[in-house]
Amino acid sequence: MNLSSDTLSVLKNFSDINQNLLIKPGSKVQTISTMKNILAEAEIPEKFNSEFAIYDLSEFLRSVELFDSPVLNFNGGSNVTIAEEKTKQNIKYFFADKSVVVAPTKSINMPDKTISFTLTKDNFGKLMKATTTLGLPDIAVRGDGSKIKMVATDKKNNSSNEYAIEVGETDKKFSAYFKTENFKMVGDDYDVAISVQKISHFVNRNKAIQYWIALEPDSKF
């Protein structure tokens, strides 16, 4: 099996969410953060025939990157052989026991979509750059009864610097809070839905990848 560049990009993104990964038969891959507050799911071009667990996904990806044109041979057992046709080198990479990895046990069905808007790749990039530049630990989605804004802020500091960008319209007033560190999405365009049950759903408009991210408990609707 060859892993496409798109699949490798998905796995690299997943490694930022959780170093563990449990692959199940099929073309759907999922991961969940150790705090259980971020769930990600993607459809990939490849189809896996067996279940296996990787304890350190970053290490596995570095192993694949040792080869210019890696070919992965899954034998349905305890390991995968990573090799390259043009050379005589190979790696036998052993899987983990699935009981020691943190993995999703079920998908999430959004209970409602109280707030919805589109987050463009450009606005997403600007927002994340602002959180880094200003060192802001929180991201708020705020509705004032007219406009929806995404705001980089420090909600514990009344005199915090803030960066705000308008992303939509609403007739509702609300403040939905996220930790900046939980924004692990691939930079792209997203359809966003937020529920009063304090869960959000980010659906990528260009790739078959989506994220569910928990809101902070002090979010108000």
Side-chain angles (χ1 to χ4, degrees), residues 6 9-10 12-14 16-18 28-33 35-43 104 106-158 160-221:
D6 285 345
S9 293
V10 166
K12 287 178 182 177
N13 175 243
F14 280 15
D16 290 334
I17 297 171
N18 187 351
K28 181 187 294 184
V29 290
Q30 291 182 316
T31 191
I32 192 168
S33 63
M35 297 295 291
K36 306 293 180 68
N37 52 8
I38 307 168
L39 173 67
E41 179 181 293
E43 291 282 346
K106 59 183 179 179
S107 296
I108 296 175
N109 292 317
M110 283 292 287
D112 58 71
K113 296 182 179 180
T114 304
I115 300 123
S116 60
F117 59 92
T118 297
L119 177 61
T120 66
K121 180 178 181 179
D122 184 54
N123 284 346
F124 178 79
K126 290 176 179 176
L127 179 70
M128 299 314 295
K129 185 176 181 179
T131 63
T132 300
T133 300
L134 298 172
L136 298 170
D138 304 299
I139 292 173
V141 180
R142 292 175 180 163
D144 61 4
S146 176
K147 304 294 183 183
I148 300 174
K149 293 182 179 180
M150 295 192 77
V151 183
T153 186
D154 182 348
K155 63 184 181 181
K156 294 181 179 180
N157 182 358
N158 292 330
S160 168
N161 295 321
E162 288 192 343
Y163 169 88
I165 190 164
E166 186 178 315
V167 293
E169 298 180 350
T170 183
D171 59 359
K172 302 177 178 67
K173 293 184 178 181
F174 56 87
S175 294
Y177 291 108
F178 301 86
K179 288 186 181 297
T180 298
E181 64 190 34
N182 290 341
F183 265 47
K184 303 288 190 181
M185 302 87 75
V186 172
D188 213 331
D189 303 314
Y190 290 91
D191 289 323
V192 184
I194 296 176
S195 166
V196 296
Q197 301 300 317
K198 299 185 178 178
I199 186 72
S200 67
H201 191 195
F202 289 74
V203 181
N204 193 302
R205 304 189 77 180
N206 304 307
K207 302 172 185 174
I209 187 169
Q210 54 189 323
Y211 306 82
W212 292 263
I213 305 174
L215 274 63
E216 292 303 291
D218 55 350
S219 299
K220 296 178 181 179
F221 297 90

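- For S33 (side chain) and I38 (main-chain N/O), a donor-acceptor pair under 3.5 Å exists by modelled atom type.
- Across all non-hydrogen atoms, the minimal contact from A164 to V151 is CB-CG2, 3.9 Å.
- Although no hydrogens or angles enter the test, the distance criterion places a donor-acceptor pair under 3.5 Å between the side chain of T180 and the main chain of D138.
- When all heavy atoms are compared, the tightest approach of M128 to I139 is SD-CD1, 4.1 Å.
- Residues passing the side chain to side chain contact (heavy atoms under 4.5 Å, CB included) test with N206 are D188, D189, N204, sequence neighbours excluded.
- Rounding to the nearest 0.5 angstrom, the gap separating the CD atom in E181 from the CG atom in N37 is 8.0 Å.
- Around atom NZ of K155, more than 12 heavy atoms belonging to other residues, nucleotides or ligands sit under 6.0 Å away.
- Of all the heavy atoms in I194 and S200, the pair that sits closest is CG1-CB, 4.1 Å.
- A pairwise comparison of heavy atoms in K121 and G187 identifies CE-O, 3.7 Å as the closest pair.
- Under a 4.0 Å N-O distance rule, the pair D16/K12 does not qualify as a salt bridge.
- Between the side chain of N18 and the backbone N or O of I32 there is at least one donor-acceptor pair closer than 3.5 Å.
- Heavy-atom minimum distance, L136 versus T153: CB-O, 3.5 Å.
- Atom OG of S175 sits about 13.5 Å away from atom CD of E216, to the nearest 0.5 Å.
- Ring-plane geometry between F221 and F174 is classed as parallel, the angle between the planes falling under 30 degrees on a 0 to 90 degree scale with a further cut at 60.
- Taking 4.5 Å as the limit, every side-chain heavy atom of N123 sits out of range of all side-chain heavy atoms of M150.
- Annotation: side chain of Y163 is in contact with side chain of K126 (closest heavy-atom distance under 4.5 Å).
- At a threshold of 4.0 Å, the pair K149-E162 does not count as salt-bridged, since none of the basic side-chain nitrogens sits closer than that to a carboxylate oxygen.
- Of the inter-residue distances, the one linking M110 atom CE with Q197 atom CD reads 9.5 Å to the nearest 0.5 angstrom.
- In this structure, L39 CG and I108 CD1 are separated by 5.0 Å, a value rounded to the nearest 0.5 Å.
- The environment of NZ in K198 is crowded: more than 12 heavy-atom neighbours from other residues, nucleotides or ligands sit within 6.0 Å.
- Taking OG of S195 as the start and CG of N109 as the end, the distance is 12.0 Å to the nearest 0.5 Å.
- To the nearest 0.5 Å, atoms CD (E169) and CZ (F117) are separated by 13.5 Å.
- Remark: the T120 side chain and the D122 side chain contain no N/O donor-acceptor pair separated by less than 3.5 Å.
- Across W212, Y211, F183, a single residue satisfies ring pair (Phe, Tyr, Trp, His ring centres under 6.0 Å) together with F178, and that is F183.
- Remark: E43 CD is packed, more than 12 non-hydrogen atoms of other residues, nucleotides or ligands lying under 6.0 Å away.
- Residues M35 and N182 are not in side-chain contact: their nearest non-hydrogen atoms beyond the backbone lie 4.5 Å or more apart.
- The two residues T131 and A152 have their closest heavy-atom pair at CG2-CB, 3.7 Å.
- Inter-residue side-chain proximity for R142 and Y177 is flagged as met; some heavy-atom pair is nearer than 4.5 Å.
- By the 4.5 Å heavy-atom criterion applied to side chains, P137 and K156 are not counted as neighbours.
- The shortest side-chain heavy-atom distance between I148 and K172 does not fall under the 4.5 Å cut-off.
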* To do: Take V167 and V192 through the test side-chain contact (heavy atoms from CB on, under 4.5 Å) and record every step on the way to the result.
  => CA-CA 10 Å; V167 293; V192 184; over 6 Å; no

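- Side-chain contact between K207 and D6 is absent, with no heavy-atom pair separated by less than 4.5 Å.
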